[in-house]
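Encoded as structure tokens, the structure appears first; notes follow it.
In this text, all values refer to a predicted model and were calculated from it rather than measured experimentally.
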Amino acid sequence: MAWPRIARSSLKQSGRAIGNYITDKGILGEGASASKCYLSTLRNATESGNLKYLSNLRNIDYASFGSRGMRVTPQCQSPAEMVLEESDSEHENTRIPGLEATKPGEKPRVVVLGTGWAACRFLKGLDTKTYDVVCISPRNHMVFTPLLASTCVGTLEFRSVAEPVGRIQSALSTDPNSYFYLASCTGADIDKHEVYCETVGNVGLPNEPYRFKVAYDKLVIAAGAEPLTFNIKGVKEHAFFLREVNHAQEIRKKLLLNLMLSENPGISEEEKKRLLHCVVIGGGPTGVEFSGELSDFIMKDVRERYSHVKDDIRVTLIEANEILSSFDIGLRQYATKHLTKCGVRLMRGVVKEVHSNKLVLSDGTDVPYGLLVWSTGVGPSQFVKSLDLPKAPGGRIGVDEWLRVPSVDDVYALGDCAGFLEQTGKQVLPALAQVAEREGKYLVELFNRIGKQNGGKAFSAKDIPLGEPFVYKHLGSMATVGRYKALVDLRNAKDGKGISHAGFVSWFIWRSAYLTRVISWRNRFYVAVNWATTFVFGRDNSRIG
């Protein structure tokens, strides 16, 4: 390409010579004011010796230019941007490798962003005789989130809750035109029917970060959500979240590290108590289940294997309101009484800021901690916020009754990243696994139906009837609270009527239900064996890594 040579040769000249050269070649384009602006920038840079940005021209993000439908305003741009825009804009598409649009006679291509509950339920049922499918996600597996808390303390192994996406949809591994890409989607051009991606991590590819594009006929956005921190200072730096397998691994390593460090000679009593204080923020199902698993671990395993510090380890659950607010009031009271009996301290409070070894509540109370787990719900990710699409209340991608994104063609959204628009008259559904799974099941049936009517290609489904709109019916909620006790709330709504039960029978129902919901027979076997092994031999306390 011409522009790197121009940049390198220009470095050898004075500021005036650079300006004359570029003006002579017509790179700056028309307009005296623009020319003055760019010449001033170049001359100032050369006279001050500040040529760092010119030496880094090859690091420019090509994908942020024309291929995403973005336009540069006629303001004072850097010379690198101007050279790019004028000399190479006609070659923009050749710079980014990727999958081009499907041709006539080829199967339509469905691009799925994400590997969560919604995306994987959609992938599992998609008719690959009708569609080619491309899945793009920064992880190559689905996480069975209801059992994730159990992996933090060794009740289950990590692989028991991770299902490879290639097993969920075998076409991703076997079909010649279906692919899984380990990458994050960074943008989309709705008019061109393209998404733009960036590979995960520094993996040694020729260009870092490595970028590519994928053209689609139908786009399904199921990119999930991010933990809510409410912009509280220090949360991202010092707290652990519990959304992914790697989060559970880090929590486990930190917990076992603190247990072992606390036994070292010379550790003061105050420091020992801080190291062994586990604080959980958020009284929803995840926070309560993690607290219950942690209390189980302490009562059964820590007291036996860490006898020197067994009386110092404790768990505190902090919630601004009531724990398990979506459950029946009787179940909430049962959970409060049971957790307290198991040694979990319940606190009412709002976190003001978080430091490396303590957190501060809004009333000024300092709470020292050795392990801090943050579980206060989820909100829209930065990727979802960046998309120029209609938004539902709360910032999610807005969808209609058929999970389509209105005002754009061939784009659908579901799961935690999507919500009904206000004009639909429907409330935004909670970020639950069963909601996402039900939406994935509905959408894949819709796709298979329109695919059989030749509506799979881009712009071809406008006149095809979509059938009944999506309707969500709540099947109930379950949560374990430790020591063979659980809660089962089968009401179809928060204020509705239905069966609610707590105790050992509920714990048995909880385990049975989730064992049957684990996606593959392989993982069901893993889970059953892990439960049996833990019951007989206790939890493993090896710290690896």
Side-chain angles (χ1 to χ4, degrees), residues 60-75 77 81 84-86 88-114 119 131-136 177 179 181 183-198 211-223 380-392 395-400 402-414 417-418 421 423 443 446-447 450-451 454-464 466:
I60 288 177
D61 184 358
Y62 308 141
S64 65
F65 289 86
S67 66
R68 296 191 188 178
M70 298 176 66
R71 288 177 170 76
V72 181
T73 55
Q75 298 174 354
Q77 301 164 266
E81 291 173 325
L84 260 178
E85 190 174 61
E86 293 294 332
D88 280 323
S89 59
E90 68 274 13
H91 302 296
E92 187 62 43
N93 288 332
T94 63
R95 290 199 189 106
I96 308 175
L99 297 181
E100 299 296 337
T102 56
K103 299 175 182 178
E106 295 180 339
K107 289 191 290 187
R109 181 186 299 138
V110 178
V111 172
V112 181
L113 305 181
Y131 296 99
D132 288 325
V133 58
V134 174
C135 180
I136 302 168
N177 295 316
Y179 306 95
Y181 295 134
S184 295
C185 184
T186 56
D189 189 323
I190 304 302
D191 295 329
K192 291 185 177 180
H193 275 50
E194 292 177 344
V195 293
Y196 303 93
C197 308
E198 191 174 285
R211 297 184 175 94
F212 60 92
K213 66 180 180 180
V214 179
Y216 64 84
D217 291 294
K218 297 285 188 290
L219 175 63
V220 177
I221 305 175
S381 64
Q382 291 301 316
F383 167 67
V384 169
K385 292 177 182 177
S386 70
L387 294 175
D388 186 18
L389 295 173
K391 296 295 193 295
R396 299 186 188 185
I397 300 172
V399 296
D400 63 13
W402 294 272
L403 305 181
R404 299 176 302 180
V405 179
S407 73
V408 296
D409 293 305
D410 302 315
V411 179
Y412 302 77
L414 64 164
C417 71
L421 290 164
Q423 53 263 37
L443 190 62
L446 188 151
F447 266 54
I450 65 176
N454 298 320
K457 286 286 189 177
F459 307 105
S460 63
K462 294 181 179 180
D463 300 324
I464 295 177
L466 299 180

Heavy-atom check, side chain of [X] versus side chain of [Y], under 4.5 Å:
X: Y216; Y: L99; answer: no
X: V214; Y: Y179; answer: no
X: V405; Y: I397; answer: yes
X: N177; Y: T102; answer: no

Backbone of [Y] reached by a side-chain donor or acceptor of [X] within 3.5 Å:
X: K385; Y: G395; answer: no
X: R109; Y: A215; answer: yes
X: K457; Y: K103; answer: yes

What pair of heavy atoms forms the shortest contact from [X] to [Y], and how long is it?
X: V399; Y: P406; value: CA-CD, 4.2 Å
X: A223; Y: C417; value: N-SG, 3.7 Å
X: I136; Y: A183; value: CG2-O, 3.7 Å
X: Y131; Y: I450; value: OH-CG1, 3.7 Å
X: C185; Y: L113; value: SG-CD1, 3.9 Å
X: S460; Y: I464; value: O-CD1, 3.9 Å

Would you give the length of the straight line joining atom [atom1] of [X] to atom [atom2] of [Y], rounded to the nearest 0.5 angstrom?
X: I190; Y: S407; atom1: CD1; atom2: OG; value: 9.0 Å
X: R396; Y: L389; atom1: CZ; atom2: CG; value: 15.5 Å
X: D189; Y: K213; atom1: CG; atom2: NZ; value: 10.0 Å

- Query: Name the one of R404, K192, K462, K218 that satisfies salt bridge (Lys or Arg N to Asp or Glu O under 4.0 Å) with D410?
  - Reply: K218

- Task: Tell me, please, which residues at least two apart from D217 pass salt bridge (charged side-chain N to carboxylate O under 4.0 Å, His left out).
- Result: none

- Partner residues of K107 under the salt bridge (charged side-chain N to carboxylate O under 4.0 Å, His left out) criterion, sequence neighbours left out: D132

- Item | Parallel, tilted or perpendicular: rings of F447 and Y412 (30°, 60°) | perpendicular

- Relative to each other, are the rings of F459 and H193 parallel, tilted or perpendicular (30° and 60° limits)?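 Because their plane-to-plane angle lies in the 30° to 60° range, the rings of F459 and H193 count as tilted.
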
